[in-house]
J.: 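Quick one: the structure is below, and I'll ask about it shortly.
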Amino acid sequence: MKFKLRLLFVSSLTLVAALPFSPRVLAQTGVVRKPLLTAHLLPEKTVTTVEIKEVTIPPNGKTMLHVHPIPVVGVIHESVIAFQVEGQPLQHLRPGNAFFEPANTRILHFDNESDTPARFSACYLLGKDEHEIIRFLKQ
């Protein structure tokens with residue numbers, strides 16, 4: 001049986017999967033959707049392209065101070081990441097945790113806290129004619 005799946009961007013970065021089934025039929029499939037993150041894009045942004053990248057940080061590796069000119073959302077797959085957005089408390093992200101890096105906001109820490117490589121997926125939300133995904137800053 002073929003299914004048509006449409007992904008729709010709704011306000012505030014909500015992805016909605018529109019399937020031609022009732023909620024009861026969906027519940028019978030055994031599929032579970034666990035909420036990980038809701039990120040509000042302020043100011044509002046029209047997203048025309050989503051680039052998804054798998055990123056690996058070496059054991060005990062630290063990223064440089066940086067900003068993203070576009071919003072970034074992602075999820076940690078392996079290791080523990082020390083994550084801090086300027087003006088917010090330091091967090092320790094573990095596998096399965098999601099993160100949000102607002103556009104044009106300094107990321108103070110995105111550092112691997114373990115002796116094994118860290119791996120995560122990052123989704124870069126680009127608008128029309130946007131191509132730059134990261135800008136490194138001097139400490």
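On a predicted model such as this, the values are computed, not experimentally measured, just so you know. This chain uses plain numbering: 1 for the first residue, then up along the sequence.
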J.: Do Gln91 and Asn97 have side chains that approach each other closer than 4.5 Å (heavy atoms only, starting at C-beta)?
T.: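 Result no, sub-4.5 Å side-chain heavy-atom pair not found.
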
J.: Could you pull out the closest heavy-atom pair between Leu65 and Lys138, with the gap in Å?
T.: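 The answer is CD2-O, 3.7 Å.
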
J.: Can you tell if the side chain of Arg135 reaches within under 4.5 Å of the side chain of Pro69, non-hydrogen atoms only?
T.: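 Yes, side chains in contact.
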
J.: As an exercise, state the distance from CG of Leu125 to CD1 of Ile133, rounded to the nearest 0.5 Å.
T.: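 Rounded to the nearest 0.5 Å, the CG-CD1 separation comes to 11.5 Å.
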
J.: Can you check whether Gly61's main-chain N or O pairs, donor with acceptor, with Asn112's side chain at less than 3.5 Å?
T.: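 Between the backbone of Gly61 and the side chain of Asn112 there is no qualifying donor-acceptor contact (under 3.5 Å).
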
J.: What are the two closest heavy atoms between Phe100 and Pro71, and how far apart are they?
T.: CE1-CB, 3.9 Å

J.: Group every Ile, Leu, Val, Met, Phe, Trp and Tyr by side-chain heavy-atom contacts under 4.5 Å, then state whether Phe83 and Ile76 land in the same group.
T.: yes

J.: Assigning hydrophobic clusters by single linkage (Ile, Leu, Val, Met, Phe, Trp, Tyr; side-chain heavy-atom cutoff under 4.5 Å), is Phe99 placed with Ile70?
T.: yes

J.: Do you know the tightest heavy-atom contact between Thr48 and Lys128?
T.: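 Answer, listing the atom of Thr48 first, then Lys128: OG1-N, 3.1 Å.
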
J.: Can Ile57 be reached from Val67 by stepping across I, L, V, M, F, W or Y side chains whose heavy atoms are under 4.5 Å apart?
T.: no

J.: State whether the side chain of Asp111 and the backbone N or O of Thr63 hold a donor-acceptor pair below 3.5 Å, judged by distance alone.
T.: yes

J.: Ignoring hydrogens and geometry, is there a side-chain-to-backbone donor-acceptor pair from Gln84 to Gln88 under 3.5 Å?
T.: yes

J.: Let me know which of Val47, Val75, Val72, Val50 forms a side chain to side chain contact (heavy atoms under 4.5 Å, CB included) with Cys123.
T.: Val50

J.: Which atoms form the tightest heavy-atom contact between Ser121 and His77, and what is the distance?
T.: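 Closest pair (atom of Ser121, atom of His77, distance): OG-NE2, 2.6 Å.
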
J.: Once rounded to the nearest 0.5 Å, what's the spacing between atom NE2 of His109 and atom CD of Glu86?
T.: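 So the gap between those two atoms works out to 11.0 Å.
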
J.: Please check if the side chain of Thr49 supplies one atom and the backbone of Leu126 the other of a donor-acceptor pair under 3.5 Å.
T.: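 Between the backbone of Leu126 and the side chain of Thr49 there is no qualifying donor-acceptor contact (under 3.5 Å).
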
J.: Would the distance check show the side chain of Arg94 and the main-chain N or O of His92 forming a donor-acceptor pair, the cut-off being under 3.5 Å?
T.: yes

J.: Can the ring centroids of Phe110 and Phe120 be said to lie less than 6.0 angstrom from one another?
T.: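 When the ring centroids of Phe110 and Phe120 are compared, they turn out to be within the sub-6.0 Å range.
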
J.: Quick one: closest heavy-atom pair of Thr56 and Arg119, and the distance?
T.: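 Shortest heavy-atom contact: OG1-CG, 4.2 Å.
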
J.: First locate atom NE2 of His68, then atom CD of Glu132, and finally report the distance between them rounded to the nearest 0.5 Å.
T.: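 These two atoms lie 10.5 Å from each other.
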
J.: According to a 4.5 Å side-chain heavy-atom criterion applied to Ile, Leu, Val, Met, Phe, Trp and Tyr, with indirect links allowed, do Leu41 and Tyr124 form part of one hydrophobic cluster?
T.: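 Each belongs to a different hydrophobic cluster.
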
J.: So how far is it from Asn60 CG to Lys62 NZ, rounded to the nearest 0.5 Å?
T.: 7.5 Å

J.: Determine whether Pro59 and Pro117 make a side-chain contact, defined as any pair of heavy atoms from C-beta on separated by less than 4.5 Å.
T.: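 SC-SC contact between Pro59 and Pro117 confirmed.
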
J.: To the nearest 0.5 Å, tell me how far Met64 CE sits from Ile134 CD1.
T.: 9.0 Å

J.: When clusters are formed by joining ILVMFWY residues with side-chain heavy atoms under 4.5 Å apart, either directly or through shared neighbours, do Val85 and Leu42 land in the same one?
T.: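 Different clusters: Val85 never reaches Leu42 through Ile, Leu, Val, Met, Phe, Trp or Tyr contacts under 4.5 Å.
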
J.: What is the minimum heavy-atom distance between Pro95 and Ser79, and which atoms define it?
T.: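 Pro95 and Ser79 have their closest heavy atoms at CD-O, 3.1 Å.
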
